[in-house]
Amino acid sequence: MIKSIPEWREQECLILSLPHKNTDWKPYLKEILQAYEEFIDAVSVFQKVLLIAPDKKDFKPFLHFRNVEFFECPTNDTWIRDFGAIDVFVDDKIQALDFTFNAWGDKFQSTLDNAVNARLFKEKFKEKLQTVHFVLEGGSVDFNGNGVMLSTTQCLLNANRNPSFNKKQIEEKLQQFFGLKHIIWLENGFIRGDDTDCHIDILARFINEKTIAFCICEDEQDEHFKPLQAMKQELLQTEFELVELPLPKPLYYKEKRLGASYANFVFVNNALIVPFYKDENDEKVRQRLQKKLPNHKVVGVDARVFLRQNGSLHCSCQNRFKRS
């Protein structure tokens with residue numbers, strides 16, 4: 001029996017792939033490494049963190065942290081949510097699935113990233129890894145732990161992912177991989193500054209088995225207002241409780257609008273790490289999530305620099321769940 005795993009289940013570690021001089025982060029490498037330090041500082045209070053980078057020198061800023069381990073491995077980029085292995089239950093034991101990663105529809109170079117899992121599981125985890133010949137990114141799917149998956153048609157049905165499969169065939173594949181009873185397909189919603197073809201992890205997320213937290217735009221003049229309202233109407237048709245996460249005010253870097261979203265939060269053991277943007281909605285969102293998650297400590301981490309490369313906190317990490 002196969003079963004998907006919700007992100008709030010107990011974790012062994014959180015895996016991050018560090019920015020380095022051979023990534024697109026090079027022009028502001030010092031700034032993004034400082035942002036990673038703040039993120040790792042927040043997570044390592046609650047659980048172990050595993051950092052991946054091509055060279056020992058890349059680990060230097062993080063050697064002082066407790067609860068942090070290191071693994072040398074060549075990488076193209078940092079967005080390990082999308083190329084990292086995804087855990088599932090198979091007959092009550094955890095199996096890691098290694099999907100094909102094509103850099104969001106062959107938008108970027110991804111050869112090194114696509115090879116990380118095989119090396120990591122062989123050399124570090126010493127665990128069997130199941131290769132899956134299907135293009136799928138971790139940020140494109142979200143699970144409630146009871147057979148329901150949340151995703152978007154704009155991403156998973158995009159011809160740049162698995163063009164030889166139609167919607168019915170893709171649904172059958174997903175049900176097979178994750179033991180699903182139902183898939184919620186969102187057809188609306190987008191965040192300017194996103195280059196993933198609308199990953200679900202910037203739009204709407206499960207925070208428990210019965211509740212979805214989702215982005216909303218409160219400014220009727222903003223380009224996000226109508227698409228996110230349309231997405232809300234879709235979510236209202238489901239049986240789930242809903243929590244609104246209002247977008248922060250527009251953020252820009254070199255005149256480009258950045259894809260700021262509070263939905264890109266990260267569950268760790270006993271805590272929820274939420275991207276903050278030095279905005280008045282930071283605290284409003286924190287309080288809303290804290291009210292719904294009384295057994296978790298909701299912690300904010302400044303994610304503004306992450307946005308310069310079109311991602312945020314959740315995009316930058318992958319959960320490895322605790323093995324029995």
Side-chain angles (χ1 to χ4, degrees), residues 1-7 79-90 94-108 110 113-114 116-118 129-191 194-206 209 212 214-215 227-228 230-231 233-235 237-240 261 263-264 310-311 314-315 318-319:
M1 180 179 175
I2 299 172
K3 188 177 180 181
S4 58
I5 304 177
E7 197 173 305
W79 307 120
I80 196 167
R81 176 62 56 180
D82 294 337
F83 63 82
I86 301 175
D87 284 342
V88 296
F89 277 119
V90 180
I94 291 180
Q95 170 70 64
L97 305 181
D98 185 19
F99 290 92
T100 301
F101 176 63
N102 73 349
W104 313 284
D106 296 312
K107 295 183 177 76
F108 307 99
S110 61
D113 289 342
N114 207 27
V116 166
N117 293 325
L129 180 67
Q130 182 176 331
T131 301
V132 182
H133 298 293
F134 186 86
V135 176
L136 186 78
E137 303 107 41
S140 70
V141 293
D142 201 63
F143 307 101
N144 81 332
N146 193 29
V148 182
M149 191 187 91
L150 189 57
S151 192
T152 69
T153 57
Q154 293 182 66
C155 180
L156 290 196
L157 303 187
N158 197 306
N160 63 13
R161 300 308 206 276
N162 297 288
S164 63
F165 297 108
N166 59 33
K167 183 180 180 181
K168 184 175 185 295
Q169 292 169 322
I170 289 174
E171 284 187 337
E172 289 172 350
K173 288 282 187 182
L174 294 168
Q175 288 164 349
Q176 173 189 333
F177 300 144
F178 299 114
L180 302 175
K181 303 173 187 174
H182 179 57
I183 299 173
I184 299 172
W185 291 102
L186 297 181
E187 298 184 1
N188 294 281
F190 91 107
I191 299 290
D194 162 50
D195 59 4
T196 67
D197 305 306
C198 292
H199 269 187
I200 195 65
D201 72 348
I202 63 167
L203 292 169
R205 305 275 307 284
F206 288 111
E209 187 179 311
I212 296 172
F214 68 101
C215 291
L228 292 179
M231 184 181 77
Q233 293 305 311
E234 290 184 272
L235 290 168
Q237 302 306 308
T238 73
E239 73 274 23
F240 293 94
S261 162
N264 210 245
N310 309 317
H314 190 256
C315 306
Q318 180 60 287
N319 314 93

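In this structure, the side chains of L228 and F214 stay at 4.5 Å or more apart for every pair of heavy atoms. No side-chain heavy atom of F89 sits less than 4.5 Å from a side-chain heavy atom of I2. N102 is listed as a side-chain neighbour of E137, based on a closest heavy-atom distance under 4.5 Å. Within the 4.5 Å cutoff, side-chain heavy atoms of K107 are placed close to those of D197. T196 has its side chain out of reach of C155: every pair of non-hydrogen atoms, C-beta onward, lies at least 4.5 Å apart. Side-chain contact between F240 and N144: present, with at least one pair of heavy atoms (C-beta onward) separated by less than 4.5 Å. By the 4.5 Å heavy-atom criterion applied to side chains, D87 and N319 are not counted as neighbours. Side-chain contact between L156 and L136: present, with at least one pair of heavy atoms (C-beta onward) separated by less than 4.5 Å.
The two atoms that bring A204 and L186 nearest to each other are CB-CD1, 4.2 Å, heavy atoms only. The two atoms that bring F108 and A103 nearest to each other are O-CB, 3.3 Å, heavy atoms only. In terms of heavy atoms, C198 sits closest to D194 at N-OD2, 3.0 Å. The nearest pair of heavy atoms linking S261 to I202 is OG-O, 2.7 Å. Between F143 and F206, the shortest heavy-atom distance links the atoms C-CD1, 3.4 Å. Residue L97 comes nearest to V88 through the heavy atom pair CD1-CG1, 3.9 Å, listed as atom of the first residue, atom of the second, then distance.
Expressed to the nearest 0.5 Å, how far CD1 of I86 lies from CZ of R81 amounts to 8.5 Å. Summarising the geometry, atom CG belonging to N114 is positioned 7.0 Å from atom CG belonging to D98; distances are rounded to the nearest 0.5 Å. Atom OG1 of residue T100 and atom CZ of residue R161 lie 12.5 Å apart, to the nearest 0.5 angstrom. A distance of 10.0 Å separates CG in L235 from CG in N188, rounded to the nearest 0.5 Å. One distance of note links OG of S140 with CG of N158; it measures 11.0 Å at 0.5 Å rounding. To the nearest 0.5 Å, atoms CD (Q318) and CZ (F83) are separated by 9.5 Å.
A side-chain N or O of H314 and one of R205 form a donor-acceptor pair less than 3.5 Å apart. Of the N and O atoms on the side chains of D195 and W104, not one donor lies less than 3.5 Å from an acceptor on the other residue.
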With a cut-off of 3.5 Å and sequence neighbours excluded, list every side-chain donor-acceptor pair involving residues 173-185.
| residue | atom | partner | partner atom | Å |
| --- | --- | --- | --- | --- |
| K181 | NZ | N146 | OD1 | 3.4 |
| W185 | NE1 | E171 | OE2 | 2.6 |

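A tilted orientation is assigned to the rings of F165 and F134, their planes being inclined by 30° to 60°.
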key: Stepwise side-chain contact (heavy atoms from CB on, under 4.5 Å) check, D201 with E7   = CA-CA 12 Å; D201 72 348; E7 197 173 305; over 6 Å; no
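No side-chain donor-acceptor contact under 3.5 Å links Q237 to the backbone of E234.
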